[in-house]
2 protein chains.
Amino acid sequence: MVSNTDLSDALAQRLSDSGLRSTPQREVIYNVLLTKRDHPTAEDVFARVKPEMPMISIATVYNCLETLVQCNLVRAVNFERGPTRYCPNLHPHAHFHDEQTGATHDIDLPDSLLGQVKSILPPNFDASSVEIIFRGKARPAA
Amino acid sequence: MVSNTDLSDALAQRLSDSGLRSTPQREVIYNVLLTKRDHPTAEDVFARVKPEMPMISIATVYNCLETLVQCNLVRAVNFERGPTRYCPNLHPHAHFHDEQTGATHDIDLPDSLLGQVKSILPPNFDASSVEIIFRGKARPAA
DNA sequence: AATTCTATTTAGAATGATTCTCATTCCTTA
DNA sequence: TAAGGAATGAGAATCATTCTAAATAGAATT
Ligand SMILES: [Mn+2]
Ligand SMILES: [Mn+2]
Ligand SMILES: [Zn+2]
Ligand SMILES: [Zn+2]
């Protein structure tokens, strides 16, 4: 199993690799993201962190989330112009946005398909990232 | 060739199909989108329309763009949380967002690939749309 | 043609997510 | 134990967009 301190260590490592400090705020926010991987917004994260850390500010939540994204520990996900959502799943994956419920689901993305998708680009386009977003209805899983 | 009135007729047709009226504002905005297909924002469209129609308001630009999207004459495109951009290309295509210049390029999307992308969805997911966004650098075409 | 009935347009206010400012606090290092 | 920079936090500011409500226009009906 992976202990809580292991996760903190991994976080501290990534942060210091980027010349940044590990702080209680960054740790608790990262843990919140790992605990419930439902693509919460910054406000969602704020609400989940508050019980553990009542004095934290929304500005700090935004700051820390941005830091985690810069360190490549978290992905920012956007649907239309809605609030940015945060995802700690680092495997290549697409997102399915359920229009009825608003839920976001991770869809595993095979390397082979990722390659094929990139191959539609004319040679003068050099893509640093590819994002695939599905929109529709998800029937409750069997 | 396709005349200006043909385009207005097609627009009027689509609008009345949806129980909506063809108006000078809707026509000029649609023509602006067809004339320079560089994925302008609402503010860009506003600026391009003003010379022809100085009294038009930004609220109307937003209203008309939304109407054109609802009629499936135009696609709304979003990159991160930037302002929504509008695209009159109705063929299935992906978007390439050049991070240096901010330019947006249409990337033709073969039906076969679209099918393969949809096929990664587990059977309980019913997608009504798929969006593919590339981000990176586009070298000037040869 | 005049009247009625709404769709549409418009100016300006309001909204909401995010970013900015800057004072305070916290660490790290000398 | 100072100093200096990093990080936090409260509140103001920003910006794209949406909302509100009044004016206008246009189609349909008398
Ligand atoms: Mn999106
Ligand atoms: Mn996007
Ligand atoms: Zn995800
Ligand atoms: Zn396009």
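So that the names make sense, note that chain A is the first sequence line, chain B the second, and so on, each numbered from 1. The model shown is predicted, which means the values in this text are computed figures rather than measured ones.
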Under 3.5 Å, is there a donor-acceptor pair between the A:T41 and A:D44 side chains?
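Yes - a donor-acceptor pair under 3.5 Å links their side chains.
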For A:D9 and A:Q13, which I'm curious about, is there any donor-acceptor pair between the side chains at under 3.5 Å?
no
Report yes if a side-chain nitrogen or oxygen of [X] is closer than 4.0 Å to either non-bridging phosphate oxygen (OP1 or OP2) of [N]; otherwise report no.
| X | N | answer |
| --- | --- | --- |
| B:T84 | D:dT17 | yes |
| B:T60 | C:dT10 | yes |
| A:T23 | D:dT8 | yes |
| A:Q25 | C:dC26 | no |
| A:Y62 | C:dT19 | no |
| B:R81 | D:dA16 | no |

Could you state the [atom1]-[atom2] distance from [X] to [N], rounded to the nearest angstrom?
| X | N | atom1 | atom2 | result |
| --- | --- | --- | --- | --- |
| A:I29 | D:dT8 | CD1 | C1' | 11 Å |
| B:E80 | C:dA17 | CD | C1' | 15 Å |
| B:F79 | D:dC15 | CZ | P | 21 Å |
| B:N78 | D:dT17 | CG | C1' | 12 Å |
| B:R85 | D:dA16 | CZ | P | 10 Å |
| A:R21 | D:dT8 | CZ | P | 9 Å |
| A:L65 | D:dA7 | CG | P | 15 Å |
| A:E43 | C:dG16 | CD | C1' | 9 Å |

On DNA chain D, does the nearest nucleotide to B:A59 precede the nearest nucleotide to B:S22 from the 5' side, or the other way round? Give the residue.
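Comparing both residues, the 5'-ward one is B:A59.
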Side chain of [X] only, heavy atoms from C-beta on: which candidate in [options] is closest?
| X | options | value |
| --- | --- | --- |
| B:L20 | D:dT17, C:dT8, D:dA6 | C:dT8 |
| A:N63 | C:dA17, D:dG11, D:dT8 | D:dT8 |
| B:P83 | D:dA16, C:dG12, C:dA7 | D:dA16 |
| A:R26 | C:dG12, D:dA7, D:dG9 | D:dA7 |

Could A:E80 and A:R135 be called an ion pair, given the rule that one side-chain N must be under 4.0 Å from one carboxylate O?
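Here A:E80 pairs with A:R135 in a salt bridge, since their nearest N and O are under 4.0 Å apart.
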Check this for me, if you would: do B:R48 and B:D38 make a salt bridge, where the nitrogen-to-carboxylate-oxygen distance has to be below 4.0 angstrom?
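A salt bridge is present here (some side-chain N lies under 4.0 Å from a carboxylate O).
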Using 30° and 60° as the class limits, which term best fits the ring planes of A:F79 and A:H95: parallel, tilted or perpendicular?
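Judged by the thresholds at 30° and 60°, the geometry between A:F79 and A:H95 is perpendicular.
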Indicate, with a heavy-atom threshold strictly under 4.0 Å, whether B:I58 touches base, sugar-phosphate, or nothing.
nothing
